[in-house]
Asker: 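Sharing a structure with you now.
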Number of protein chains: 2
Amino acid sequence: MTKQRQIIFDLMKQQCGKHPHVMELYSLAKKKDPNINLSTLYRTLTEFKKADIVEELHLEEEHHHYEIKQAEQHQHFVCEKCGAITEFDLPAEQKIEKELAKVHGFKIKTIKMIASGLCKKCR
Amino acid sequence: MTKQRQIIFDLMKQQCGKHPHVMELYSLAKKKDPNINLSTLYRTLTEFKKADIVEELHLEEEHHHYEIKQAEQHQHFVCEKCGAITEFDLPAEQKIEKELAKVHGFKIKTIKMIASGLCKKCR
DNA sequence: ATGTATGCAAACCTTTTGCATATTC
DNA sequence: GAATATGCAAAAGGTTTGCATACAT
């Protein structure tokens, strides 16, 4: 565990519930270590993904977002107007998986859902 | 409507139910017009997206996939083992949207779900 | 004839990689 | 001391863009 990895790990914990992308993390990391390198950040995120510490989200075109891995799986809602990202649990997930197993024969391991529309404030 | 656009449009129709990525489309297009350019393909796909003729899918890391826009919204299942992509309807979608409206106040406009696991053949 | 689309090459942007040096255990 | 991680700079890969030419209406 190097200084750089510690910084990135701490950052991810601090950002829990948020969904920063690489450049946001890079800016934050540079405040703690101005010499930290972007490739170190990328390499560390890759390691953390492998170690199941961090999850990569594909919420937007431009770049990936990252979040620290939480106990329970959850989904993401993106507000079209203000861009706010909200986490939510997929209602009746068990039922959905069972239904799809029945109808299509899938053995579902993960579900990634991105809902978009208007959030509570913007609707 | 140019020759190139016609070729790409016809291709997309032919590929209905499949989910080709750009290079697959490019290869197919070059069979009909060996001089067609990759940037024309990209530009045309962008136009078709704007015109709601084509939908862009983010099923994999490496590249986007494209499909011709169908009447009813559907979701995608990707088999971890064989890579097969299957379309499916999200069970009880209305209920889910209603539930999320109630709990979180969302006004949901689109849902993009990517389920992965094992398909019927591979499970 | 006017406006729009094309081909080509170059640029862009995010992410990855090779390599020498520095750091961790 | 051996193995691994870092910084730097360069490359990679998919996608976009500027511009002169060609095409559609």
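Below, chain A is the first sequence line, B the second, and so on; all start at residue 1. What you see is a predicted model, and the numbers here were worked out from it, not measured in a lab. No hydrogens, no waters, no symmetry mates; every other heavy atom, side chains included, goes into these values.
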Asker: Which nucleotide wins on minimum distance to the side chain of V22(A), given the candidates dT15(C), dG18(D), dA9(D)?
Answerer: dT15(C)
Asker: For I36(A) and for K49(B), locate the closest nucleotide of DNA chain D by heavy-atom distance; then report the residue assigned to the nucleotide nearer the 5' terminus.
Answerer: I36(A)
Asker: Here's a test of your reading of the structure: between L38(B) and M1(B), which maps to the more 5' nucleotide of DNA chain D?
Answerer: L38(B)
Asker: Looking at the side chain of R43(B), which of dG7(D), dT15(D), dG18(D) is the nearest nucleotide?
Answerer: dG18(D)
Asker: Roughly how many Å is it from CD in E60(A) to C1' in dT14(C), rounded to a whole number?
Answerer: 14 Å
Asker: Kindly indicate, with the supporting measurements, whether the criterion side chain to side chain donor-acceptor pair (under 3.5 Å) is fulfilled by E60(B) and H65(B).
Answerer: CA-CA 8 Å; E60(B) 296 178 332; H65(B) 293 240; 3.2 Å; yes
Asker: Taking only side-chain N and O atoms of Y42(B), does any of them lie within less than 4.0 angstrom of OP1 or OP2 on dT15(D)?
Answerer: yes
Asker: Looking at N37(B), does any N or O in its side chain come under 4.0 Å of the phosphate oxygens OP1/OP2 on dC8(C)?
Answerer: yes
Asker: Do H21(A) and H64(A) have ring centroids that are under 6.0 Å from one another?
Answerer: no
Asker: When you check the phosphate oxygens OP1 and OP2 of dT15(C), does a side-chain N or O of H64(A) lie under 4.0 Å from one of them?
Answerer: yes
Asker: Output the rounded distance in Å from NZ (K30(B)) to C1' (dC8(C)).
Answerer: 14 Å
Asker: For dT16(C), does OP1 or OP2 lie under 4.0 Å from any side-chain N or O of S39(A)?
Answerer: no
Asker: In whole Å, I'd like the distance from the CG atom of L41(A) to the C1' atom of dT14(C).
Answerer: 12 Å
Asker: Phosphate oxygens OP1/OP2 of dA24(D): is one of them under 4.0 Å from a side-chain N or O of T2(B)?
Answerer: no
Asker: To the nearest Å, give me how far apart CD (E61(B)) and P (dT15(D)) are.
Answerer: 12 Å
Asker: Is the backbone N or O of Y42(A) less than 3.5 Å from a side-chain atom of T46(A), with the two atoms forming a donor-acceptor pair by type?
Answerer: yes
Asker: Before you tell me yes or no, could you show the steps for E67(A) and K18(A) under salt bridge (charged side-chain N to carboxylate O under 4.0 Å, His left out), namely the whole-Å CA-CA distance, both residues' side-chain angles and the distance that decides it to 0.1 Å?
Answerer: CA-CA 7 Å; E67(A) 67 179 21; K18(A) 295 183 186 173; over 6 Å; no
Asker: Nearest to the R5(B) side chain among dT6(D), dT6(C), dA9(D), which nucleotide is it?
Answerer: dT6(C)
Asker: Nearest-Å distance, CG (L45(A)) to C1' (dT16(C))?
Answerer: 13 Å
Asker: State whether Q4(A) places a side-chain N or O below 4.0 Å from either non-bridging phosphate oxygen (OP1 or OP2) of dG7(D).
Answerer: yes
Asker: How many whole angstroms separate atom CD of Q6(B) from atom C1' of dA5(C)?
Answerer: 15 Å
Asker: Whole-Å distance between dC23(D) P and D33(B) CG?
Answerer: 11 Å
Asker: In sequence, state the C-alpha distance, the side-chain angles, and the governing distance for E55(B) and K49(B), and then conclude on salt bridge (charged side-chain N to carboxylate O under 4.0 Å, His left out).
Answerer: CA-CA 6 Å; E55(B) 191 161 351; K49(B) 278 189 281 177; over 6 Å; no
Asker: Calculate the interatomic distance between H63(A) atom NE2 and dT14(C) atom C1'; express it in whole Å.
Answerer: 10 Å
